[in-house]
Amino acid sequence: MSLRHGGLSPLQRYVGRRLAVVLPTLLGMSFLVFSVASLTPGDPAEEYAQRVTQRPPTAAELAQARHELRLDRPFAVQYVDWVAHAVRGDLGKSFFTRHSVAAEVRHRIPFTLQLAVPAALLSLVIAMAVGTVSAFYRNRPLDQVVRVLSLAGASMPSFWLALLLVIGFSVRLRLFPVAGRQDGLASLVLPVAALSLPSAAVLSRFIRSTLLEVLGEDYVRSARAKGAREVAVLTRHALRNSLVPVVTAFGTSLGHLLAGTVVIESIFAWPGLGTLTLDAIHHRDYPMLQAFILFAGLIVIVINLVVDVSYAVIDPRIRPGRRAVPGAD
Amino acid sequence: MFRILARRVSIIVALALVVAGCSDSSDTSDSTTGGSTLPVALAAKQELTVGLSQDQNTTEGGQASLASTAPNAGVYETLLYMGPNFEIKPLLAERWEFRAPNTFRFFIRKGVKFHDGQPLNAQAVKVGVFDRAATAGGLTLKAGPESTVIVDDYTLDFTPKIANLRVFEQIVHASYPVIAPGSEPGKKPVGTGPFRFVEYVAKERIVVERNPDYWGERPTLDKLTFRFYPDSSSRRLALEAGEIDVAFDVPRADVKSLKAKGIQVPTAAVGGYEVLFADLTGKAPYDLLADPNLRKAVALGIDRKAIITGVLEDLATPDQSMVPPASLGTHASAVKGVTYDPVAARKTLDDAGWKVGSSGIREKDGRPLKLTLVSGFPTAEVLKPVPTVVQAQLKTIGIDVTIDERPDSASFRAKITTKEGDLYLEQRSQNDADPSFLPVVFMSDITEGGAAPYQAAFNPGQPFNGLLRSTLSEPNLDKVQTAVAEAMHNAVDLQNTVVALAGVYPIYGLRANVQGFVAHPTAQNVLWGSVRLTKS
């Protein structure tokens, strides 16, 4: 067992240290978001007043709208006030709907997760399978086909892929709905596919190249020399040792996947955080926008933490508290 | 053996068809869509789904817009209705009359009930329409807390807090629905309309059902679902796939291919415009269009026919105004429009001292003739590629145009506020029957407060302002139309402060079995009572 200080294992202390950084990171991020939002062209008070009065507002109506939205205070006061409320879980009221931002975000998170979680899992499963097969049949026709397809998948914009899927599977074959959530699980298929396939394509190419690198190592040669079957060599010896960089790439792809939901949710009329964000941009709904960016930042921080911790699980040589093994990092 | 089997199968199929024909509960009806009056068999299931763009409904507070404007789901009704040619028709008010100097009397229809059983009367209209407007600051009606007087149970007088004689034309706007007293418009809209509210799922759908106790002609549709498709491609594909029966905001580029696939694409009368506003009060380097000669040259140098044919897919009209011609009645012809004449445009520039430089761009006193065209209402994406075409056309007469595309209306308006442009391209529509609405709001100096960025930049001064001011105190609509037409003639033809490109209208997409749909120039005024689904 590794050394303990104050009853905590090195891994626990490592996680603790990483968690301690989360709050200042979020604070810095919130300041950045707040600053950028205030510099964005377009006056949220004008948007708000126009909605209420049904015409371009007069100077007096604009001033009234600024007061209502509490935009008539200095930037620093607005920011400190926002932070003071945010730490208590109050992210303010939407400039557009006048609903609680925190409640709105909480309401939308499950919809985004309905797409993002299956898409992440699917992309991983596809990538592992395709990448391994591709490495196994290196430079053979199957590998060539897989490489071309994965290159195409990685290069294809997700919105274009989404529309192709809709034309093929919804308009022509009538297998799945074009958009919306009205058809239960069938509604999930196309958006999840559109989200996961580009990510799977990138990841599969990564897995293939990492596997090929590992397959050239001495211990793999030794396993083969001992008479291990090629499948066993690949799955037992090579695959696990290639996982560390793959996990890193997968963690990064999750961030991209979250960003991808903005476009995919819009195309598939999915009422998640992505469409919420687009609406917030459209309406200059800064409280909503800030909430989304904070949430996305938090997710990325958590993903990075999980990825870092998973290194130790996958490869004992890089557990915190252990001496570094040459070549292990 | 095979022959016997085949004969039995054919007999069974024939019997099944006969039984299906007999058991069908549908009846026949006249279809007026496309001008046909042939009887058509109605589908047994009268459930229509409509695809819209963004969900713009607000549900918070007394000004909640749920199911009233985006879309107008047929739950509510207004006192008066604006027909497809901007004409005013009775709805919940059977009659109306003007009482000088500034009062409007409404005679409320008797025997009408809200969906919750409450009777419609003058008190309900006072609370549901006029007091609500007063709470929001008066809105276009200029309603104040003391504006409404109940004459009797079914008669009501409304007196705006300041002179505003356009109330009858304004009250047709879908944002003035008669809301049931005590109801919560943001949670469960209760009106008098042909459809009753069923559910609203934010960003997903609004569902309404037939109101069996409707006071007017009962609708054919049993259920009406409005779904939101923010992406126009998805909306179009949903229409093709049969997921929706009706699509709003069909992009012009899709019309030909949709028609080829059997989709009906009805268009309405012109309800809006695509224009360039000239900033008349800009500071250098955005001060050039204060010169009337330059504005004239710009107006002469734009080939509108090429834009309508080449860019707007011939789905626009050459009307050069920001007021729909139908709303100006017989006076619309007062706005002549500027005819494309590049020779005259060049001469105008030559005469004004702008000489062609070595690069082909004109110069005067060492200053090149450079203009910035800001594009962005409703979005730059919607307006593409009009700015590029205008840029190319003006280059041929020696004007160098820089395009500044704004992604949305907020950043577009920010540019008007900071006055960082010479020409502002926008597409907008008129949603009520007041012919002076758009020019008053966007260009005149007579809007209360008068400091909106549009007015500061685009107000052409006299006689434009005087003509529009007269519309506020003129009870006669014909005279108002005359004044507005004169004002637009001044802005478009004489001063060229408005460089109008085309008259535009909404484009709808309907599956072949949708009948009875009347395309309206404003999407908020589409009625669903006459719509039905046929068997085909």
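In what follows, every chain begins at residue 1, and chains take the letters A, B, ... in the order their sequences are listed.
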Under a 4.5 Å heavy-atom cut-off, does chain B meet the side chain of [X], its backbone, both or neither?
X: A:Q182; answer: side chain
X: A:H283; answer: side chain
X: A:F159; answer: neither
X: A:R172; answer: neither

So which of [options] has the largest heavy-atom pair count under 4.5 angstrom toward chain A?
options: B:A414, B:P407, B:S411, B:P230; answer: B:S411
options: B:Q56, B:R235, B:K415; answer: B:Q56
options: B:Q54, B:R227, B:E240, B:R205; answer: B:R227

With a 4.5 angstrom heavy-atom cut-off, could you sort out which part of [X] is near chain A: side chain, backbone, both or neither?
X: B:F228; result: backbone
X: B:N431; result: neither
X: B:S232; result: neither

Regarding [X] and [Y], do their side chains bring together a donor and an acceptor under 3.5 Å, going by distance alone?
X: A:T112; Y: A:E265; value: yes
X: B:H173; Y: B:T522; value: no
X: B:E426; Y: B:Y273; value: yes
X: B:S175; Y: B:T69; value: no
X: B:T379; Y: B:E381; value: no
X: B:S257; Y: B:R236; value: yes

Results of side-chain hydrogen bond (donor to acceptor under 3.5 Å, both in side chains) for A:H256 - residues two or more places apart only: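 Residues passing side-chain hydrogen bond (donor to acceptor under 3.5 Å, both in side chains) with A:H256: none at all.
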Cationic N near anionic O, under 4.0 Å, B:D408 to B:R406: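 Judged by the 4.0 Å cut-off on N to carboxylate O distance, B:D408 and B:R406 do not form a salt bridge.
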Salt bridge present between B:K203 and A:D279 (N-O < 4.0 angstrom): yes
B:F377 six-ring centre to B:R428 NZ/CZ under 6.0 Å and within 45° of normal: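 Yes - B:R428 lies over the ring of B:F377, closer than 6.0 Å to its centre and within 45° of its axis.
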Inter-chain contacts: residues 192-202 of chain A against chain B, heavy atoms under 4.5 Å: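 Counting heavy atoms that sit under 4.5 Å from chain B, no residue of residues 192-202 of chain A is involved.
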Sorted by number, residues from residues 285-296 of chain A in contact with chain B (heavy atoms, under 4.5 Å): none
Aromatic plane relationship, A:Y79 with A:F34 - under 30° parallel, 30 to 60° tilted, over 60° perpendicular: perpendicular
Aromatic ring pairing B:F458/B:F277, orientation class (parallel under 30°, perpendicular over 60°, tilted between): parallel
Residues forming a ring pair (Phe, Tyr, Trp, His ring centres under 6.0 Å) with A:H67, sequence neighbours excluded: none
Reference residue B:Q170; test side-chain hydrogen bond (donor to acceptor under 3.5 Å, both in side chains); the match among B:D432, B:T140, B:N164: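 Only one of B:D432, B:T140, B:N164 forms a side-chain hydrogen bond (donor to acceptor under 3.5 Å, both in side chains) with B:Q170, namely B:N164.
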